[in-house]
Visitor: 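Have a look at this one before I ask anything.
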Amino acid sequence: MFETRRLNHKSKVIISAALTGAVTTKENNPNLPTQPAEIVKSAIACYEAGAAVAHIHVRDDEDRASMRFDKFEETVKLLRESGCPVIINLTSSGGQGFSWEERIRPFKELKPDMASFDAGTMNWLNSVVFMNEPGFLELCGKEMIAANVKPEIEVFDMGMLNTAKYYIKKGLIKEPAHFQLCLGAPGGMEATTENLVYLVNHLPENCTWSAFGIGRGANEILLSALAMGGNIRVGLEDNVYYNAGQLAESNEQFVARVKRLAEEMGKSVATPDEAREILGLGK
């Protein structure tokens, strides 16, 4: 077993707030931010609650999953103009059926700090195929290097982790890599401590990592990841309930819980500047 912390800081926890996603709707939780002004308001509130990273999806005018560039452009513009120093992490997978160019254009032109790199194809929610074919992943890796955007390597199963290692070896993902371990999505690995430990033990030594759980395993993954020295992602993209049967009031409610738990463990949450240093952003 490797030392599970890897390059994560010994006493600082990076919190990523996944604000919107592509699946959750206001019918699931009316507090979900879906339009640019709402998303930016939520990102600022999450920063004030302790988040260092805002993971951003956008929706169209009817709140449907979207990769509309104008929506990304407006959201990023508003967030930057606000003066909020939160790290901007744009999705490259805002739903189904989008072209390669639609998926890479936001990070290619807007040049956020980070962007998601989903390291493989899967049967998403056991209902549709979430396509991330080799050609797209190679293009994504090259364009992220060209734009100096750090990949957030999203891993839903062991096969995706092995795929990511292949692209690191090929030089299409620069080291030190950053992994987001995504557990509990139907079609991927279940959200259990056993699965989290297995994935972490197979991470490359030269990396940082974060984790989150979807559904009933969310709090188990949160607590296990904190105990293992991991960084944490939370938000309405992944869970509409704060606890069983209790709808979350906001994204920042999740962030505040992570901050509180981290402090109970003798840790503190990383500021955006501290997170940039830990993640090696801009290098």
Side-chain angles (χ1 to χ4, degrees), residues 1 4-6 8 13-25 28-29 31-32 46 50-51 53 55 57 89 91 93 116 118-120 122-128 130 152-162 164 178-203 208-262 264-265 267 269:
M1 179 185 292
T4 56
R5 186 173 55 84
R6 296 302 195 278
N8 289 348
V13 177
I14 300 171
I15 304 176
S16 295
L19 307 172
T20 304
V23 177
T24 309
T25 67
N28 302 135
N29 188 316
N31 300 311
L32 180 77
C46 286
V53 182
H55 177 59
H57 285 246
N89 178 357
T91 188
S93 56
S116 61
D118 293 276
M122 65 183 290
N123 292 333
W124 180 250
L125 304 182
N126 297 313
S127 60
V128 296
F130 177 27
E152 177 198 43
I153 307 167
E154 294 194 342
V155 168
F156 291 83
D157 61 33
M158 188 62 201
M160 290 191 186
L161 178 51
N162 288 333
H178 179 64
F179 289 86
Q180 186 67 258
L181 305 179
C182 316
L183 297 171
M189 294 177 77
E190 293 180 345
T192 65
T193 300
E194 180 182 14
N195 285 340
L196 177 63
V197 171
Y198 184 80
L199 286 173
V200 171
N201 282 340
H202 288 83
L203 288 171
T208 53
W209 67 274
S210 176
F212 69 92
I214 296 171
R216 67 182 65 183
N219 286 341
E220 178 178 345
I221 296 302
L222 165 59
L223 293 168
S224 298
L226 281 174
M228 294 167 65
N231 300 302
I232 305 296
R233 168 172 142 171
V234 288
L236 289 166
E237 172 174 351
D238 306 319
N239 293 286
V240 296
Y241 290 97
Y242 184 72
N243 285 313
Q246 177 188 355
L247 282 176
E249 298 172 4
S250 62
N251 281 303
E252 58 266 29
Q253 184 184 25
F254 288 112
V255 173
R257 173 159 62 187
V258 179
K259 181 180 181 181
R260 185 171 64 251
L261 290 170
E264 288 288 337
M265 299 175 70
K267 302 181 179 184
V269 297

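These numbers were taken from a predicted model, which means no experiment stands behind them. As a basis for the values below, the full set of heavy atoms in this structure was taken, side chains included, without hydrogen atoms, waters or symmetry mates.
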Visitor: Just so I know, are the side chains of Leu183 and Phe212 near enough to count as touching, which here means a heavy-atom distance under 4.5 Å?
Guide: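 In short, these two side chains do not touch, never coming nearer than 4.5 Å.
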Visitor: Can you confirm whether Tyr241 is buried at OH, in the sense that more than 12 heavy atoms of other residues, nucleotides or ligands lie under 6.0 Å from that atom?
Guide: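 Open: at most 12 neighbouring heavy atoms sit under 6.0 Å from OH of Tyr241.
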Visitor: For Ala18 and Arg233, which heavy atoms make the closest approach, and how far apart are they?
Guide: CB-NE, 3.4 Å
Visitor: Measure from the side-chain N and O atoms of Asn162 to the backbone N and O of Gly159, and report whether any donor-acceptor pair falls under 3.5 Å.
Guide: no
Visitor: Grab the two heavy atoms, one from Leu223 and one from Leu261, that are nearest each other, plus how far apart they are.
Guide: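 Smallest heavy-atom distance, with atoms named: CD2-CD1, 3.9 Å.
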Visitor: Is the backbone N or O of Trp209 less than 3.5 Å from a side-chain atom of Asn231, with the two atoms forming a donor-acceptor pair by type?
Guide: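 At least one qualifying donor-acceptor pair exists.
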Visitor: Is the backbone N or O of Thr193 less than 3.5 Å from a side-chain atom of Ser224, with the two atoms forming a donor-acceptor pair by type?
Guide: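 Absent.
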Visitor: To the closest 0.5 Å, what do you measure between CG (Leu196) and CE (Met228)?
Guide: 4.5 Å
Visitor: Start with the C-alpha distance between Ile15 and Phe254, add both sets of side-chain angles, then the distance that settles side-chain contact (heavy atoms from CB on, under 4.5 Å), and finish with yes or no.
Guide: CA-CA 10 Å; Ile15 304 176; Phe254 288 112; over 6 Å; no
Visitor: Indicate the atoms forming the closest heavy-atom contact of Asn28 with Leu247, along with that distance.
Guide: O-CD2, 3.5 Å
Visitor: For the pair Gln180 (side chain) and Ala211 (backbone), establish whether a donor and an acceptor sit closer than 3.5 Å, ignoring hydrogens and angles.
Guide: yes
Visitor: If you round to the nearest 0.5 Å, how far is CG of Asn89 from CD of Glu152?
Guide: 4.5 Å
Visitor: Rounded to the nearest 0.5 Å, what's the gap from CZ on Arg216 to CD1 on Ile221? Could you check?
Guide: 13.5 Å
Visitor: Give me the atom names and distance for the closest heavy-atom approach of Gly230 to Val13.
Guide: O-CG1, 4.1 Å
Visitor: Please tell me if the side chains of Leu199 and Leu203 come closer than 4.5 Å, counting only heavy atoms from C-beta onward.
Guide: no
Visitor: Looking just at side-chain N and O atoms, do Arg257 and Asn243 make a donor-acceptor pair shorter than 3.5 Å?
Guide: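 Side-chain D/A pair, Arg257 to Asn243: present.
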Visitor: Tell me whether the count of non-hydrogen atoms from other residues, nucleotides or ligands lying under 6.0 Å of CD in Gln253 goes above 12.
Guide: yes
Visitor: Taking the side chain from Asn195 and the backbone from Met189, do they hold a donor-acceptor pair closer than 3.5 Å?
Guide: no
Visitor: Short question: side chain of Asn31, backbone of Ser250 - any donor-acceptor pair under 3.5 Å?
Guide: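 No, because the side chain of Asn31 does not come within donor-acceptor range (under 3.5 Å) of the backbone of Ser250.
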Visitor: Classify the ring geometry between His57 and His55 as parallel (under 30°), tilted (30 to 60°) or perpendicular (over 60°).
Guide: perpendicular
Visitor: Side chain of Asn239, backbone of Gly215: donor and acceptor closer than 3.5 Å?
Guide: yes
Visitor: Where is the tightest heavy-atom contact between Ile153 and Ala164, given as atom of each residue plus distance?
Guide: CG2-CB, 3.7 Å
Visitor: Given side chains that start at C-beta, do those of Val200 and Arg6 come closer than 4.5 Å, heavy atoms only?
Guide: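 Answer yes - side chains close enough.
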Visitor: Could you tell me whether the side chain of Glu237 reaches within less than 4.5 Å of the side chain of Leu19, counting heavy atoms only?
Guide: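 Side chain of Leu19 against side chain of Glu237, heavy atoms only: no contact under 4.5 Å found.
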Visitor: Does Tyr198 form a side-chain contact (heavy atoms from CB on, under 4.5 Å) with Met158? I'd like the steps, not just the answer.
Guide: CA-CA 9 Å; Tyr198 184 80; Met158 188 62 201; 3.6 Å; yes
Visitor: Does the Asn123 side chain pair with the main chain of Asn126, one donor and one acceptor, at a distance under 3.5 Å?
Guide: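 Checking the backbone N and O of Asn126 against the side chain of Asn123, no donor-acceptor pair under 3.5 Å is found.
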Visitor: When rounded to the nearest 0.5 angstrom, what distance separates CD1 in Ile232 from OG in Ser16?
Guide: 9.5 Å
Visitor: Report, as yes or no, whether the 6.0 Å neighbourhood of atom CD on Gln246 holds more than 12 heavy atoms from other residues, nucleotides or ligands.
Guide: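 More than 12 heavy atoms, drawn from other residues, nucleotides or ligands, come within 6.0 Å of this atom.
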Visitor: Measure across Ser93 and Asp118 and return the closest heavy-atom pair with its distance rounded to 0.1 Å.
Guide: OG-OD2, 2.9 Å
